[in-house]
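Just below is one structure, and these are the notes that go with it.
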Amino acid sequence: MPELPEVETIARGLHATLPGRRILSVRLGKMDFIDDPAAIEREIPGTKILAVRRCGKFLLIDLESANGDVRNFSLLVHLGMTGRLVTCEARAPVLPHTHVFFALDDGRELRYTDVRRFGRMRIVTGGVRENTLDALGLDPLEASEGEFVALLKNRRARIKALLLDQSVLRGIGNIYADESLWRARIHPKRLGANLSLKELRRLYQAVRDVLNDAIEKRGSSIADYVDSDGNLGGFQRLHRVYQREGKKCFRCGAVIRRAIFAGRSSHFCPHCQPPPRVSKR
DNA sequence: CTTACGGCCTGGGTGC
DNA sequence: TGCACCCAGGCCGTAA
């Protein structure tokens, strides 16, 4: 499941080889996950790739239009659950569910593969001022401790929901929310406003440590995730709670539990992460 | 405005 | 072997 560390790994991988390359042509398969397929087919061929970067869980491929026009623009890609963005030789075998092919001027292709097609793809213009991205909260790796604390300390929602809320913090998904809460020893059902300053600081550090460790291990390969070269990540081996229901807590030995909060599964240690006193439901 | 929650997207895995 | 159904995670719409 591509979250911040996985998208960061892919962005770095693509940024290492794509800038300067020109996109010669575009071929589309299924396109129901693309906002405006005609615009992609019309405006992408002939463009030069300037940079690849991450914003939350979004990938942005910055492009220079074919004629060197002033109007630069970007291809915005969200990988959803099963999306893959991989470069390979143009003659390389095509994986099933590959729906977008960008032919590059060095004989390679940039391909988008997505079994479930929960991903999204669209062209964005006008630099940073773009509504999809404007709605995003702070990047947890860029926010200061003070900003992080201020974001959460007055919120009456469950801390798990707040961590997942992209308009609060951008880039955290279910894996890293659960792993961060375990490291900070905070139960997912606690309310933001009920956390002590000490706990919020602990959570800030936990989130950063988890994300940085995961980036270092090139992300978590749970089901479909691979990096931009098609290689698996390594952080799934270091998960402490995610998908460890019934196994022993690495810290205290208690049995890790899984529970559904607001339709989302949460993995936690009932001993290290004590539940709120009065918990409704 | 804030929060909670159901539903939707799709198809692989599971269990009968 | 076939088949129905559960479920994944993000996001959006709705309601309280």
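In what follows, every chain begins at residue 1, and chains take the letters A, B, ... in the order their sequences are listed.
- In this structure, CG of A:Asp32 is placed 17 Å from P of B:dC8, rounded to the nearest angstrom.
- Among the nucleotides B:dT3, B:dG12, B:dT10, the one closest to any side-chain atom of A:Val115 is B:dG12.
- By the 5.5 angstrom centroid cut-off and the 30-degree plane limit, A:Phe118 is classified as not stacked against the base of B:dT10.
- As judged by a 4.0 angstrom heavy-atom cut-off over every strand, A:Gly173 is placed among residues touching the sugar-phosphate backbone only.
- Out of B:dG12, B:dT10, B:dT3, the shortest distance to the side chain of A:Arg156 is found at B:dT3.
- Atom CZ of A:Phe33 and atom P of C:dG9 are 21 Å apart (whole Å).
- Between B:dG11, C:dC11, B:dA4, one nucleotide has an atom nearer to the side chain of A:Arg117 than all others, and that is B:dG11.
- In this structure, the nucleotide among B:dG12, C:dA8, B:dA4 sitting nearest to the side chain of A:Ala157 is B:dA4.
- Across the protein-nucleic acid pair, A:Ile34 atom CD1 and B:dC9 atom C1' stand 15 Å apart, rounded to whole Å.
- The distance from the CZ atom of A:Arg122 to the OG atom of A:Ser74 is 11.5 Å, given to the nearest 0.5 Å.
- Using bins of under 30°, 30° to 60° and over 60° for the plane-to-plane angle, the ring pair A:His78/A:Phe58 lands in the perpendicular bin.
- Spacing between atom CG of A:Asp178 and atom C1' of C:dG9 amounts to 12 Å, rounded to whole angstrom units.
- Of the candidates A:Lys153, A:Lys198, A:Arg201, A:Arg201 is the only one forming a salt bridge (charged side-chain N to carboxylate O under 4.0 Å, His left out) with A:Glu145.
- Residue contacts for A:Arg258: at a heavy-atom cut-off of 4.0 Å it reaches the sugar-phosphate backbone alone, with no base atom in range.
- Distance, A:Leu164 CG to C:dC12 C1': 15 Å, rounded to whole Å.
- Phosphate contact (OP1/OP2 of C:dG9, side-chain N/O of A:His78, threshold under 4.0 Å): absent.
- The side chain of A:His97 contributes no N or O atom lying less than 4.0 Å from OP1 or OP2 of B:dT10.
- Which of B:dG11, C:dG9, B:dT3 sits closest to the side chain of A:Arg155 comes down to B:dT3.
- Nucleotide B:dT3 holds its C1' atom 14 Å from the CG atom of A:Asn194, rounded to whole Å.
- A straight line from CZ of A:Arg120 to C1' of C:dG9 spans 13 Å, rounded to a whole angstrom.
- The side chain of A:Lys30 lies closest to B:dG11, out of C:dA8, B:dG11, B:dA4.
- Salt bridge status for A:Glu8 with A:Arg12: present, with a side-chain N to carboxylate O gap under 4.0 Å.
- A:Arg183 and A:Asp213 are joined by a salt bridge, as a carboxylate oxygen and a charged side-chain nitrogen come within less than 4.0 angstrom of each other.
- Rounded to a whole Å, the CZ atom of A:Arg116 is 8 Å from the C1' atom of C:dC7.
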